[in-house]
Protein chains: 2
Amino acid sequence: MTSAIEGQARPIRLADIAKAAGVSHGTASNVFSRPEVVRQEVRERVKAVAEAMGYAGPDPKGRLLRAGKVNAIGVGTTEPLSYFFEDPFARVMMAGISEACDATGAGIALVSAANQEKLAWNIQSALVDGFILFCIEGGSRLVELTRERRLPFVALELGFHDETISAIGVDNIAGGRLAARHLAELGHRRFAVLSLTLGEDRTGFVTPEMVRSAVYTGTRDRLAGYFEELSRFGIDTAKIPVYETENEEKSTRAGLEAIFAKGEPPTAILTMSDRMALIAIEWLTGRGVKVPQDVSIVGFDGVPDGALCTPPLTTIAQPITEIGRRAARMILDHDGTVRRETMGVELIVRASTGPVRKG
Amino acid sequence: MTSAIEGQARPIRLADIAKAAGVSHGTASNVFSRPEVVRQEVRERVKAVAEAMGYAGPDPKGRLLRAGKVNAIGVGTTEPLSYFFEDPFARVMMAGISEACDATGAGIALVSAANQEKLAWNIQSALVDGFILFCIEGGSRLVELTRERRLPFVALELGFHDETISAIGVDNIAGGRLAARHLAELGHRRFAVLSLTLGEDRTGFVTPEMVRSAVYTGTRDRLAGYFEELSRFGIDTAKIPVYETENEEKSTRAGLEAIFAKGEPPTAILTMSDRMALIAIEWLTGRGVKVPQDVSIVGFDGVPDGALCTPPLTTIAQPITEIGRRAARMILDHDGTVRRETMGVELIVRASTGPVRKG
DNA sequence: CATTTTTATTGGATCGATTCAAATTTCCGC
DNA sequence: GCGGAAATTTGAATCGATCCAATAAAAATG
């Protein structure tokens with residue numbers, strides 16, 4: 001058997017099989033990809049030769065180039081890869097994307113990189129038919145890099161003034177209003193806001209001008225929603241402390257400390273993510289502050305974890321899975337048009353909010 | 001500008017740029033992939049032309065074919081894609097894999113399919129340099145399909161007698177023994193086992209012969225570990241009901257019902273996954289049976305959820321993240337050898353086990 | 001200024017398949 | 001046994017890049 005020796009040397013190509021079986025490459029190719037057009041006798045002979053020579057089947061690398069389509073969608077983020085498996089929001093979103101991909105048989109390629117150079121390279125060399133972008137912080141760079149690939153892509157956030165890119169997001173103003181109204185109706189009058197960032201690389205208390213010139217319009221809109229609704233209840237929104245923070249533990253805690261270091265503590269906190277809300281609950285509980293008896297907290301997102309924590313979280317739920325499904329379908333049935341979809345949100349009342357304490 | 005019109009018509013290739021800039025395609029290629037060998041003046045001219053024509057950069061599809069390497073590893077399973085984002089065990093494993101991939105800049109492609117035909121196709125056409133296989137049920141088919149691709153791959157389970165395939169798994173016998181000894185030392189004498197399947201497509205009570213002829217050696221070894229240790233305590237293992245079930249809610253519940261329908265109920269249940277253990281706790285609690293006062297439960301896996309549930313789960317922890325890291329590295333630094341690694345496990349005592357109730 | 005050395009550029013070969021119009025073979029009916 | 005339709009097979013072209021030996025141009029050397 002020479003096959004073993006040759007097999008070691010160099011992978012066998014379709015052309016090798018064709019030659020060995022005495023047929024043209026065209027026929028050899030057909031044996032694998034369109035067997036019905038090949039005469040049975042020939043088909044079996046070629047297959048036997050392939051088997052004997054240890055042929056691994058048509059190499060997708062070659063097929064791909066010819067076909068043009070990869071049949072996979074890339075999901076990009078500037079977070080490390082593990083983000084997709086650890087972050088609750090990302091996981092629910094990915095489940096939605098998975099569903100759409102499963103239905104059409106498309107694959108998923110995860111694209112990410114901590115440092116900027118690798119990110120660029122990873123986006124440039126990803127073998128995909130389109131991208132879905134998780135735009136958290138640093139999103140605009142991700143968008144720019146992806147735009148250069150000239151493949152269809154969808155941003156999972158409407159927080160971009162740029163109307164030329166496809167995006168799916170939620171009605172942030174409505175969400176903000178729902179949250180604020182809920183608390184106001186429970187009698188709360190002293191608020192604080194734990195906000196997501198308004199632009200790149202800054203945390204700390206926010207001034208009204210900063211809000212007006214916000215780069216991330218998603219954050220700005222939620223704030224707008226909060227303020228609009230609270231004004232209706234006669235609350236002076238200018239006095240509400242708004243602390244902008246990253247969506248992680250350290251800076252969220254810093255925000256809480258800053259807020260509670262100020263004069264009169266709030267009886268209700270509006271947070272812009274469930275993650276922050278959960279961190280806040282833990283922080284407060286750890287200091288003996290009771291949620292919701294002393295302080296009510298509303299989250300934003302509606303991740304499953306919110307239902308399981310103690311106390312279960314009142315939150316503004318996004319249709320995360322549905323957003324994922326739609327994003328994937330936008331790429332899979334891409335028709336060249338720019339689409340911007342706004343999804344509705346829903347107030348889910350659980351136990352992290354309650355009536356303001358009398359007296 | 002004709003570029004807009006042409007851009008619509010057909011994607012621009014490197015060759016188009018070369019012609020337009022009046023250089024050879026070799027030089028044009030160098031401008032993008034090895035800019036340092038091209039004279040600055042030429043480089044800038046070519047780049048300007050590329051920009052003007054709306055060139056998206058070298059297409060990875062073409063590059064790939066030449067380079068041979070994809071720089072991505074495929075992770076395969078017979079579960080739907082959402083498994084990767086929803087199952088706690090898979091998620092921790094993926095975090096480990098992600099870590100290794102992040103470190104080398106490799107990408108991750110998720111490969112799965114509910115039905116067998118699509119699975120075959122997805123594996124055959126996945127653009128990856130190697131595979132990591134989640135071998136739960138139906139694993140052997142997955143392994144066979146992957147073997148045909150003749151790419152390096154690692155099975156995440158040693159539960160295959162086949163010594164010719166690389167695999168990473170845990171010391172199942174030791175794990176079984178740790179779990180059993182812990183319970184026996186707490187005074188338990190009446191046991192039941194919720195087992196993973198011993199072969200394909202069967203659930204229900206298991207006889208000793210079935211254990212001996214088990215296809216899935218992982219399951220068999222855990223059982224062996226249980227029995228070995230319990231025998232040392234003078235327990236008649238032949239009388240212990242062993243119910244084999246899928247690792248999901250419905251059949252696990254069926255197992256519990258069958259076990260508690262039998263004569264004397266157990267005071268301790270050995271389960272082969274945390275998932276099952278969690279389901280068991282919920283099932284028991286729902287029927288007013290207290291864990292661990294009435295029944296003690298030990299899991300297997302050591303997923304994070306186990307620490308968060310009520311009561312927190314006593315379990316045999318696998319080094320899941322480390323297994324993931326190693327598996328990824330096996331593919332990334334593949335040297336053609338078959339590797340089989342066995343990792344140690346650890347007993348983590350939490351609150352789902354307690355001393356047997358007196359009387 | 002001729003000659004060697006260094007630096008840039010060229011263009012053909014290659015990666016591994018698929019496609020399709022044209023050529024060939026087989027099959028039928030008469 | 002022949003003409004024409006139907007079924008197979010062929011082989012060149014293509015997909016979009018990279019690589020590399022050969023060549024040309026520029027710079028350094030004597």
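Everything numeric here is computed off the predicted structure, so don't read it as measured data. Here is the naming used below: chain letters follow the sequence lines, and residue numbers restart at 1 for every chain.
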*Could you tell me whether the side chain of A:Arg339 and the main chain of A:Ser166 form a donor-acceptor pair under 3.5 Å?*
no
*Using atom NZ of A:Lys61 as one end and atom P of D:dT18 as the other, report the distance to the nearest whole Å.*
16 Å
_What is the separation between atom NZ on B:Lys69 and atom C1' on C:dT14, rounded to the nearest whole Å?_
19 Å
Just the table, please: protein N/O against nucleotides 11-13 of chain C N/O, every pair under 3.5 Å.
{"unit_1": "C:dG12", "atom_1": "O6", "unit_2": "B:His25", "atom_2": "NE2", "d": "2.8"}

*A:Ser125 backbone acceptor or donor facing B:Arg63 side chain under 3.5 Å*: no
*In residues 33-46 of chain A, what residues come within less than 4.0 Å of DNA chain D, judged by heavy atoms?*
A:Val38, A:Arg39, A:Val42
*asked:* For B:Asp201, is the CG atom crowded, meaning more than 12 foreign heavy atoms sit under 6.0 Å from it?
replied: no
*Euclidean distance, atom CG of residue A:Asn30 to atom P of D:dT9 [Å, nearest integer]*: 9 Å
_Check: A:Phe89 ring centre within less than 6.0 Å of A:Phe134 ring centre_ = no
_So, OP1 or OP2 of D:dG16: does either fall under 4.0 Å of a side-chain N or O from B:Tyr55?_
no
*Are A:Glu144 and A:Arg141 close enough for a salt bridge, meaning some N to O gap below 4.0 Å?*
no
*What bend angle does the helix from C:dC1-D:dG30 to C:dC30-D:dG1 show across its length, from five-pair end axes and to the nearest 10 degrees?*
40°
*Rounded to the Å, how far apart are A:Leu127 CG and C:dA17 C1'?*
15 Å
*Specify the separation, in whole Å, of atom CG of B:Leu14 and atom C1' of C:dT9.*
14 Å
*Send over the distance from A:Ile17 CD1 to C:dT18 P, rounded to a whole Å.*
13 Å
_Side chain to side chain, B:Val49 and B:Tyr55, heavy atoms closer than 4.5 Å_ = no
*Checking B:Asn30 side chain against B:Pro35 main chain: does a donor-acceptor pair fall under 3.5 Å?*
no
*If you look at every strand shown and take non-hydrogen atoms under 4.0 Å, does B:Phe32 touch a base, only sugar-phosphate, or nothing?*
nothing
*Using atom CG of A:Leu65 as one end and atom C1' of C:dA17 as the other, report the distance to the nearest whole Å.*
8 Å
*Given atom CG of B:Asp16 and atom C1' of D:dA17, what is their separation to the nearest angstrom?*
12 Å
*Flag yes if more than 12 heavy atoms outside B:Glu117 fall under 6.0 Å of its CD atom; otherwise flag no.*
no
*May I ask you to evaluate whether B:Ser29 reaches the phosphate of D:dA17, defined as a side-chain N or O under 4.0 Å from OP1 or OP2?*
no
*Any ion pair linking A:Glu51 and A:Lys47 (charged N to carboxylate O, less than 4.0 Å)?*
no
*Is B:Asp16 paired with B:Lys19 through a side-chain N to carboxylate O contact shorter than 4.0 Å?*
no
*Considering the options B:Val154, B:Val128, B:Ile331, which one meets the side-chain contact (heavy atoms from CB on, under 4.5 Å) requirement together with B:Ile73?*
B:Ile331
